[in-house]
Colleague: 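Can you read through this structure? Questions will come right after.
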Amino acid sequence: MTAVVDKTAEGAIPPGDEPTPAPAAPASHLAGTLRRYPLAAFAALVLALIAFGAVFAPLVGTTDPTALNPAARLQGASATHWLGTDHLGRDVWSRLVYGARVSVVVGLAVAALAVVVGLVIGLFTGFIRWLDPIVMRVMDGLMAIPGILLAIALVSVSGASIVTVIAAIVVPEVPRVVRLVRSVVLSVREEPYVEAAVSVGTPLPKLLWRHVLPNCVPPLIVQATYVAASAMLTEAILSFLGAGTPPIVPSWGNMVAEGRLLFQIAPMNLLYPGIALAITILAVNILGDALRDRLDPKLAKRVGQR
Amino acid sequence: MPLLVLQRLVSTIPVLLVVAVIVFLMLRISGDPAAILAGDTATSAQIEAVRQAFGFDRPIWEQFLGWIVQVLQGDLGESLFTGLPVTTLIAQRIEPTLMLALTTIVFSVLVAVPLGVLAAWRSGTWIDRAVMVFAVLGFSVPVFVLGYGFMYVFSIELRLLPVQGYTSPFVDPVAFAQGIILPTLTLSCIYIALIARITRASVLETLNEDYIRTARAKGQVERTVLFRHALRNAAVPIVTVIGLGVALLIGGVVVTESVFNIPGLGRLVVDAITRRDYPIIQGLILFFALIYVVLNLIIDLAYTLLDPRIRY
């Protein structure tokens, strides 16, 4: 939903996971991962299909998702309208496929931006001691505001467009990434190879890039998947509440919002986009859990797998 | 001990101050606050009038100081739409939200903690798997999808429960109970998922401890071992997550109240967005952040009760 509480960086005790223990193996080929986690492989397949549909939306049996046809409104599924039509006679299947574009773009963009911004802030915060308390208080303050409310407020003051929605969702996600990166930096800072690099006078940017950054990559990949899932959820909620993607754009959140009016007559027009959203987010979360077990064995061990 | 409690209390001040700065700057980062408040159709004379009335022509630090003094005196400003003080509006709308939050927290804890203990106790079996599958599902299904799904099944198809609306328990307890069931179920799912995950992980860790083996060797009943020995020692992270999860809960309340048409604080926010009633949005963000910080402070201080090894 909503500010999904982050699952990797919430302090000493990370949450649980599937019980099947993953024997620690250093090799980390994607193919190997997928073979070991068949569920994650399936989730990846589902996501690939959704991405394919989003990219090639005009080619998968769709018509113009915004074309009105009041004469043919609220029809059931048929050969011309695979999932029927909505209250304005628009083709639901087409809107569903085009709506995937919004979710995919928002998920990817927010994950990328939150990780990059959080990474830069986290790296410097962890290394510059006077900066640390200041930045962390700001992050604490940001985290004290429920993510959805913060995003709603940001969109409502800056006007609704895809760009402002993405920016508004990035802001509440950044503190989690900063905390994660900082915790990695603090543990790496005391390592002999970092001390050695400092003592030969390596400049800070190079030190961070060469010696610290590589340690942050595995947990960040895991965190990025959770951020993407959370972002898609938040986008849908913002649109649902009328503070998100502009209503003309077919997005899953907008479809749910429009479906509310006639929910008692045509419940499927609301439930189709809802289910599409749930499946997408579920697939991303399953993939994230598998990546965590694979890339972050320390975390998987702390989870208590015997 | 009182000194350290005081220290902990003082440490929340910078967090709240940062929240106040963010809320204050929110209106000002996106251009001219007077133009935003005056609305899209305002003339330049109207914008100028708003600028005068709200003091946006004064230096920014002066505005901030004036505003913070007001807030500290319990004045969150007035609604642009109705002219009523924001604090009055909050007081009018708080009951449904409070009731929904309470039923959700109680229900979630009562379901999630035993579920987590069970999963840890039978770790690796199908019970454990089922609980964890539920936990991932609970995280993934959006609140409004759940809400409308429940509404479709229980209210529209089976006609067992009212579709929407809220009745105060002080007016009609039966109607209240009927009306609160679906919103509570809806809002609980993500919270249950969160708490069950942590309970499982935390109990699983304590089950490896020597004192558990000792308790079992003494011939303790398994239930006592699980709940008296294992769960007690696993309590701190569980209670922490219950507190942190309140942020999730607040976001969920906003959505759930919209789905089920409950006239609480969540609806107040949503209505304020559609009317662009910024003082209400700002006031509610401050209010929710304050609740979140205070609640987590109380939980922090309560650790001493749960775990005598932690001392302040």
Side-chain angles (χ1 to χ4, degrees), chain A residues 1-5 7 10-20 137-138 140-150 152-159 229 233 236-237 240-243 256 259-260 263-264 267 270-271 274-275 277-279 281-286 289 302-304 306, chain B residues 14-15 17-19 21-22 26-27 29-30 36 119 123-124 128-129 132 135-137 139-145 148-149 151-152 156 163 190 194 197-198 200-202 204-205 237 240-241 244-245 247-248 250-252 254-255 258 269-270 273-274 276 278 281-282 284-285 288-289 292-293:
Chain A
M1 93 158 210
T2 357
V4 168
V5 164
K7 295 172 217 163
E10 60 198 6
I13 293 89
D17 188 44
E18 302 98 279
T20 14
R137 286 301 81 71
V138 174
D140 287 347
L142 275 175
M143 286 183 85
I145 304 175
I148 295 213
L149 280 186
L150 185 57
I152 287 176
L154 290 174
V155 173
S156 68
V157 291
S158 51
L233 210 45
I237 288 172
F240 171 75
L241 295 176
V256 172
R260 297 168 73 182
F263 179 63
Q264 302 208 28
L270 186 152
L271 294 178
I275 292 166
L277 192 61
I279 290 175
I281 294 166
L282 185 63
V284 177
N285 275 335
I286 289 174
D289 284 354
R302 275 192 292 163
V303 163
R306 286 181 289 193
Chain B
V15 175
L17 196 67
V18 169
V19 172
V21 171
I22 293 169
M26 212 170 263
L27 254 185
I29 45 160
S30 46
I36 295 177
S123 87
D128 184 23
R129 261 166 224 262
M132 294 322 289
V136 178
L137 269 176
F139 257 114
S140 304
V141 182
V143 187
F144 52 77
V145 176
Y148 282 109
M151 203 192 286
Y152 179 67
I156 295 175
V163 178
I190 191 167
L194 182 73
R197 262 180 112 116
I198 278 289
R200 175 185 175 276
S202 184
L204 207 52
E205 217 165 282
T240 308
V241 156
L244 294 175
L248 272 184
I250 293 171
V254 176
V255 180
S258 286
V269 179
V270 176
I273 299 165
T274 23
R276 304 186 148 225
Y278 297 101
I281 302 178
Q282 287 185 318
L284 278 171
I285 290 182
F288 280 130
Y292 178 75
V293 169

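Chain letters run A, B, ... following the sequence lines, proteins first, then strands; residues in each count from 1. None of these values were measured; they are calculated from a predicted model. Because only heavy atoms are used, hydrogens play no part in the values below, and waters and symmetry mates are left out as well, while side chains stay in.
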Colleague: Side chain, backbone, both or neither: which part of B:S258 has a non-hydrogen atom closer than 4.5 Å to chain A?
Modeller: both
Colleague: Calculate, to the nearest 0.5 Å, the distance between atoms CD1 and CE belonging to A:I145 and B:M26 respectively.
Modeller: 5.5 Å
Colleague: Which bit of A:L271 comes within less than 4.5 Å of chain B, counting heavy atoms only: side chain, backbone, both or neither?
Modeller: side chain
Colleague: Where does A:L149 contact chain B at under 4.5 Å (heavy atoms): side chain, backbone, both or neither?
Modeller: both
Colleague: Classify the ring geometry between B:F144 and A:F240 as parallel (under 30°), tilted (30 to 60°) or perpendicular (over 60°).
Modeller: parallel
Colleague: Rounded to the nearest 0.5 Å, what's the gap from CD1 on A:I152 to CD1 on B:I273? Could you check?
Modeller: 4.0 Å
Colleague: Looking at A:G141 and B:V19, what are the two nearest heavy atoms and their distance?
Modeller: O-CG2, 3.4 Å
Colleague: Taking all non-hydrogen atoms of both residues, which atom of A:G274 and which atom of B:V145 are closest, and how far apart?
Modeller: CA-CG2, 3.3 Å
Colleague: Drop me the distance from A:I148's CD1 to B:L248's CG, to the nearest 0.5 angstrom.
Modeller: 8.5 Å
Colleague: Quick check on B:Y148 against chain A: is it the side chain, the backbone, both or neither that has a heavy atom closer than 4.5 Å?
Modeller: both
Colleague: Answer with side chain, backbone, both or neither: which region of A:L282 has an atom nearer than 4.5 Å to a non-hydrogen atom of chain B?
Modeller: both
Colleague: Between B:L17 and chain A, which part of the residue has a heavy atom less than 4.5 Å away: side chain, backbone, both or neither?
Modeller: neither
Colleague: Taking every non-hydrogen pair under 4.5 Å, which of A:I279, A:V256, A:I275 racks up the most with chain B?
Modeller: A:V256
Colleague: Against chain A, label B:Y152 side chain, backbone, both or neither, depending on which of its atoms sit under 4.5 Å from a heavy atom there.
Modeller: both
Colleague: In the structure I gave you, are the side-chain heavy atoms of A:L142 and B:V18 within less than 4.5 Å of one another anywhere?
Modeller: no
Colleague: Heavy atoms, side chains only, cut-off 4.5 Å: are A:S156 and B:I281 in contact?
Modeller: yes
